[in-house]
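Quick notes on the structure that follows.
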Amino acid sequence: MKTFDELFAELSERAHTKPEGSGTVAALEAGVHAQGKKVLEEAGEVWIAAEHESDERLSEEISQLLYRLQVLMLGRGLTLDDIYKYL
Ligand SMILES: N=c1c2ncn([C@@H]3O[C@H](COP(=O)(O)OP(=O)(O)OP(=O)(O)O)[C@@H](O)[C@H]3O)c2ncn1[C@@H]1O[C@H](COP(=O)(O)O)[C@@H](O)[C@H]1O
């Protein structure tokens, strides 16, 4: 189990060290257009799960959306503070 901040730190480290086999590295190399499409895809899955699926499936889809948002943040070079200042 990890927090939003801990996941962001982990993904930032992946972006920096580029370990072989990392899905995050591949997603970052795919570019912002592909990263944005993944955000939209996961958001749709969250919506569908919210209306038709279990709490567990919804929670899983939400976690994937958070992950995809973080990949997009890294793709654009944003930090957590860039987002948190608006919360
Ligand atoms: N939290 C995540 C995470 N959430 C989602 N995903 C990826 O996103 C995929 C799910 O979304 P996709 O829609 O692209 O794939 P899918 O096959 O359609 O899957 P479903 O939506 O149907 O479940 C997963 O199979 C993962 O590849 C994640 N990949 C990695 N992480 C975490 O990121 C960290 C770094 O991971 P690596 O870069 O792979 O080392 C680790 O702590 C991981 O746990």
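For ligands, and for the atoms within them, numbers begin at 1 and follow the listed sequence.
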Residue, atom name and distance, where the atom is the protein heavy atom closest to atom 40 (O) of ligand 1: Arg14 NE, 2.9 Å
Please report which non-hydrogen protein atom sits nearest to atom 18 (O) of ligand 1, along with the residue it belongs to and the distance in Å to one decimal place. Glu41 OE2, 4.2 Å
Please indicate, with yes or no, if any protein heavy atom is found under 4.0 Å from atom 33 (O) of ligand 1? yes
Before you tell me yes or no, could you show the steps for Glu61 and Trp47 under side-chain contact (heavy atoms from CB on, under 4.5 Å), namely the whole-Å CA-CA distance, both residues' side-chain angles and the distance that decides it to 0.1 Å? CA-CA 9 Å; Glu61 294 297 355; Trp47 179 14; over 6 Å; no
Which atom of Met1 lies closest to which atom of Glu6, heavy atoms considered: O-OE1, 4.4 Å
Ranked by distance from atom 13 (O) of ligand 1, the top protein heavy atom is Glu42 OE2, 2.7 Å
Heavy-atom contacts with Leu11 under 4.0 Å: which atoms of ligand 1 show up? List them by number with element. 33 (O), 34 (C), 35 (C)
State yes or no: do Met73 and Tyr86 share one hydrophobic cluster built from I, L, V, M, F, W and Y residues joined by side-chain heavy-atom distances below 4.5 Å, directly or via other members? no
Taking only residues two or more places apart in sequence or in another chain, which ones pass salt bridge (charged side-chain N to carboxylate O under 4.0 Å, His left out) with Glu60? Arg57
Write out the residue and atom name of the closest protein heavy atom to atom 21 (O) of ligand 1, then the distance separating them to 0.1 Å. Glu45 OE1, 2.8 Å
Is there a chain of hydrophobic side chains (I, L, V, M, F, W, Y, each step under 4.5 Å between heavy atoms) that links Val25 to Leu11? no
Touching ligand 1 at all, Leu7? Heavy atoms, strictly under 4.0 Å? yes
What's the shortest distance from atom 29 (N) of ligand 1 to any protein heavy atom, and which residue and atom give it? Tyr67 CZ, 3.4 Å
I'd like to check atom 15 (O) of ligand 1 in this structure: does the protein have a heavy atom lying under 4.0 Å from it? no
Determine if the distance from atom 2 (C) of ligand 1 to the closest protein heavy atom is below 4.0 Å. yes
Would a 4.0 Å cut-off, counted as strictly less than, catch a protein heavy atom around atom 37 (P) of ligand 1? yes
Is the closest N or O pair between Ser22 and ligand 1 shorter than 3.5 Å? yes
Identity and separation of the nearest protein heavy atom to atom 39 (O) of ligand 1: Gly23 N, 3.1 Å
Verdict with reasoning, Val32 to Gln35, per side-chain contact (heavy atoms from CB on, under 4.5 Å): CA-CA 5 Å; Val32 166; Gln35 293 153 17; 3.7 Å; yes
Give a yes or no on this: more than 12 heavy atoms of other residues, nucleotides or ligands lie within 6.0 Å of atom CG of Asp5. yes
For atom 41 (C) of ligand 1, the protein heavy atom that lies nearest, with its residue and separation: Glu10 OE2, 3.3 Å
Between Lys38 and Glu42, is there a side-chain N and carboxylate O pair less than 4.0 Å apart? no
Can you see whether Tyr84 engages Thr79 through a side-chain donor-acceptor pair at a distance of less than 3.5 angstrom? no
Of the listed options (Lys38, Gln64, Lys2, Arg68), which comes nearest to atom 27 (O) of ligand 1 when hydrogens are ignored and any heavy atom counts? Arg68
Evaluate the side-chain contact (heavy atoms from CB on, under 4.5 Å) criterion for residues Leu58 and Glu53: first the C-alpha distance (whole Å), next the side-chain angles of each, then the deciding distance (0.1 Å), finally the verdict. CA-CA 7 Å; Leu58 175 58; Glu53 297 177 23; 5.9 Å; no
Would you confirm whether any non-hydrogen atom of the protein falls under 4.0 Å from atom 25 (O) of ligand 1? no
